[in-house]
Amino acid sequence: QIDDLAEVDYSLSSLPAVFQPFIDLDLKGAVFPVGNYTDSPFVAASFTIPDQSDSMLYLAFSEYFFQTSSFAYYTAGAFNMTLAEETCSYFNINTEIFGSIIPEVAKYSVTPYPVMLKLMATEIPLISLQQDSFTVEIQGSVEVVASLPDSTTQSLFTLNIAANSSISLNIFDQKLMGSLCLNR
């Protein structure tokens with residue numbers, strides 16, 4: 001079990017190959033929601049690690065591993081969250097701010113009310129690997145909700161979002177560093 005939401009099946013895919021200078025272990029590496037071994041919509045593709053012999057251990061993760069991870073966390077609801085009134089008030093986000101940008105919101109409330117942001121992925125985030133980076137495509141929505149004095153909420157508007165980001169990883173001074181680029 002990785003955490004409360006996902007677990008990994010790292011059973012052997014085939015018998016270990018033992019050669020004079022090395023042992024080759026092919027592990028399955030599929031991630032599932034905890035207690036729910038449903039089939040993933042993704043298909044595993046075989047890949048090879050470049051032949052090198054200057055290190056003691058080589059470890060490779062396939063695109064399938066990341067895709068099943070994304071599927072497991074999406075299925076478990078990990079990409080759905082609510083930024084509550086306390087968080088939004090820290091950034092001073094309220095209906096008055098949205099009312100100055102979107103006139104329709106100003107019609108709903110003359111008095112400034114605190115808001116909540118409900119974020120959710122609407123599709124499984126897609127992860128693809130490239131030579132020096134990987135790309136994450138996320139489609140989701142953000143619902144802006146006003147918190148009214150009588151403890152009820154009023155939905156103000158919803159934004160649909162499609163984001164495509166590239167992430168590059170490098171090692172500097174024995175630290176793993178990431179670089180994030182929003183492509184669109």
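Here the structure is a predicted model, which is why all the values come from computation and not from measurement.
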Where Ala6 and Ala72 come nearest, the two heavy atoms and their spacing:
CB-CB, 4.3 Å

Say you draw a straight line from CD of Glu63 to CG of Leu129; how long is it, rounded to the nearest 0.5 Å?
4.5 Å

Please set out all donor-acceptor pairs under 3.5 angstrom arising from side-chain atoms of residues 161-184, sequence neighbours excluded.
| from | atom 1 | to | atom 2 | distance (Å) |
| --- | --- | --- | --- | --- |
| Asn164 | OD1 | Asn183 | ND2 | 2.8 |
| Ser166 | OG | Asn183 | ND2 | 2.8 |

I need the full list of salt bridge (charged side-chain N to carboxylate O under 4.0 Å, His left out) pairs touching residues 118-134, with sequence neighbours left out, sorted by first then second residue.
none

Minimum heavy-atom distance Asn80-Ala121, with the two atoms named
OD1-N, 3.3 Å

Minimal non-hydrogen separation, Ile127 against Phe134, with atom names
CG2-CD1, 4.1 Å

With sequence neighbours left out, the residues meeting side-chain contact (heavy atoms from CB on, under 4.5 Å) with Leu126 are Phe42, Glu137

Let's go through Val31 and Glu7 carefully: what are the C-alpha distance in whole Å and the side-chain angles of both, what is the deciding distance for side-chain contact (heavy atoms from CB on, under 4.5 Å) to 0.1 Å, and is it a yes or a no?
CA-CA 6 Å; Val31 181; Glu7 54 192 19; over 6 Å; no

Holding to side-chain contact (heavy atoms from CB on, under 4.5 Å), I want the full list of residues that pass it with Leu5, two or more places apart in sequence or in another chain.
Asp3, Tyr73, Ala76, Ala78

Does Pro149 have any side-chain contact (heavy atoms from CB on, under 4.5 Å) partners at least two apart in sequence or in another chain, and if so, which?
Tyr113

For Phe65, which residues count as a ring-ring contact (aromatic ring centres under 6.0 Å, His included) partner, sequence neighbours excluded?
Phe61

I would like to know whether Thr68 and Phe32 meet side-chain contact (heavy atoms from CB on, under 4.5 Å); could you show each step before the answer?
CA-CA 7 Å; Thr68 59; Phe32 301 95; over 6 Å; no

From Thr158 OG1 over to Glu143 CD, what is the distance, rounded to the nearest 0.5 angstrom?
4.5 Å

Apply the test side-chain contact (heavy atoms from CB on, under 4.5 Å) to residues Leu117 and Val144: give CA-CA distance (whole Å), side-chain angles for both, the deciding distance (0.1 Å), then the verdict.
CA-CA 5 Å; Leu117 304 176; Val144 178; 3.6 Å; yes

Can you name the residues that form a side-chain hydrogen bond (donor to acceptor under 3.5 Å, both in side chains) with Thr82, not counting sequence neighbours?
none

Considering non-hydrogen atoms only, spot the tightest contact between Pro125 and Ser70 and give its length.
O-OG, 2.5 Å

What pairs with Thr152 under side-chain hydrogen bond (donor to acceptor under 3.5 Å, both in side chains), at least two apart in sequence or on another chain?
Asp150

Under the rule for side-chain hydrogen bond (donor to acceptor under 3.5 Å, both in side chains), what residues qualify as partners of Ser128, not counting sequence neighbours?
Gln130

In chain order, what residues pass the side-chain contact (heavy atoms from CB on, under 4.5 Å) check against Thr122, with sequence neighbours excluded?
Gln139, Ser141

same_hphob_cluster(Val34, Ile2) at 4.5 Å side-chain heavy-atom cutoff
no

d(Leu83 CG, Leu119 CG) to nearest 0.5 Å is 5.0 Å

When you measure from the side chain of Thr75 to the backbone N and O of Phe71, does any donor-acceptor pair fall under 3.5 Å?
yes

